[in-house]
Amino acid sequence: MTTERLLTGTSPMQFLCLGIIGYLTYGIFRALYNIYFHPLSSFPGPKLRAGFYFPFYYDRLTGDYINDWHELHEKYGEVVRIAPHILSTISPDAWRVAPDKDHTRMRRSINHAFSEQALRSQENIITGYITFMISKLHARAQTQTPIDVTRWMNATTFDITGDLAFGEPFGALEADACHSWIENTFAGLKWVRLMAPLRAYPIFGVPIFALLRRWPALEQARKRQFGYLDEKLERRLRSKTDRNDFLRLTSGLLIIAGSETSATCLSGAVYYLLKNPTWITCLLSELRSAFKNESEMSFQSLSHLKVLQAVIQESLRMYPPLPVDMPRMTPPEGATVCGAYIPPHTSISIPHYPAYHSHLNFKDPDTFAPERWLGDEKYADDRRSVLQPFSMGSRNCIGQNLAWAEMRSILARLVWSFEMELLPESEGWDQGQKIYLLWFKPALMVRLRAREVE
Ligand code: HEM
């Protein structure tokens, strides 16, 4: 049959059917190749994930994928093939993989804004916001009004980062409310999860993106959201100051990276302390033996407190602010993880939550036990080096010193100032939370009572 006869004798419906059959046949052959002949075919994991990408992308839509990955690691071990060309590992070994030279160059240009010296110059600003938060909470304690801890932690850290970045806060503490820019950014994160699957399957993605581009309200909302930061930036550039702030690298991402993360860890710490009150007693006694009053608590003096450090460390393990995987590429020479050679240019991730909750790394991984960071023999075999909530290498968290200083000060001053009571509606607060890149935390309702000065 000639091509001409084939074309004239075939109806559009037959073309469509042929196209679909061709697409499916290609997909099946490709899946068979992925499962049996791909360079990663010897790594353990479900066959469906080894063959196809859709389970990986479907995961992202559910908000539960980190729990699914956790179960996969419990079943298959330290290294799991999570998608045809992607490995996930919970071994501390993997943190050594893949330095990124270009990124190191970029980081050199912004390091000064996050140096120890910069942090010292920022201490008064940060402490000012914490004092403001504590004074507002005293008013709540006096009237016995329950507070949502997650909201207050977010308000405080967003105001601090806003000020360090733009020279002005979001006004969240002042207004006792979450700023609309912050709320919209979180709502946006839920949508962002759709992007990767739509890009991976253009058959759905191309028409959907084309439709979205024709939706004016969406475009206006996008402009409003970005415009808000642009205005702040312009105001800051017009103002005369020699303050060493983050202006040059300010973006929505920095604000979220610098605020939501610390607020998440602090919310987790308050919850786990309330569930384990002996640690509140322990922490309070450490604070009282170190300080006569709250004003003595400086970044420097708080950094020496071992119980405070262990409580925060354990909260970062139980409830890592970035619970998800941060993918890295193996270098051109490949890499070895857990004794297995991983070929070059393979995407490899350490998902924080599964790594920190694996019995391969920690004894009683679901138990809040700060003593594991204080040298307790019971936890001597814990593989503590796997805990890298700020990541490692050239892409690690540039704001980690600031985060530690902020978290120590806020937690210490909360425990120093208030007795806290977990309200019944927040029992089991850490269970069943969805993750869209970050935790979508429900309200953490607590009643405060000002502590008697002793
Ligand atoms: C408990 C608090 C925090 C945690 C757990 C945390 C965690 C992380 C992690 C895991 C990364 C690496 C992401 C990757 O691998 O690609 C990161 C990057 C980053 N973080 Fe943090 N972070 C925290 C607080 C902060 C603070 C307070 C700031 C600054 C105000 C900040 C600013 C950044 C920036 C700018 C990056 C990108 C660095 C780069 O790409 O070179 N973070 N953070």
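For the single chain, residues carry numbers from 1 onward in sequence order. Values below: every heavy atom of this structure, side chains too, minus hydrogens, waters and symmetry copies. Just follow the structure's listing: the first ligand is 1, and inside any ligand the first atom is 1.
What you find for H38 and P84 is that their closest heavy atoms are CE1-O, 3.5 Å. Residues A450 and A141 share a closest heavy-atom pair of N-CB, 4.0 Å.
Relative orientation of the W404 and F390 rings is tilted, given thresholds of 30° and 60° on the angle between their planes. Ring geometry for Y271 versus W429: interplanar angle of 30 to 60°, hence tilted.
Between E314 and R317, at least one side-chain nitrogen of the basic residue sits less than 4.0 Å from a carboxylate oxygen of the acidic one, meeting the salt-bridge criterion. Using a 4.0 Å cut-off between a side-chain N of Lys or Arg and a carboxylate O of Asp or Glu, E286 and K306 do not qualify as a salt bridge.
Residue contacts with ligand 1, taken as heavy atom pairs separated by less than 4.0 Å, involve P321 solely via side-chain atoms from C-beta onward. When non-hydrogen atoms are compared, ligand 1 lies under 4.0 Å from the backbone of N396 (N, CA, C, O) but not from its side chain.
Under a 4.0 Å heavy-atom criterion, M407 is in contact with ligand 1.
Comparing L322, I350, I398 against atom 9 (C) of ligand 1, the shortest heavy-atom distance belongs to L322. Comparing N401, V324, T261, L266 by heavy-atom distance to atom 23 (C) of ligand 1, the nearest is T261.
Close N/O approach between R328 and ligand 1 is found [any backbone or side-chain N/O within under 3.5 Å].
Less than 4.0 angstrom separates some heavy atom of P389 from each of these atoms of ligand 1: 5 (C), 7 (C), 10 (C).
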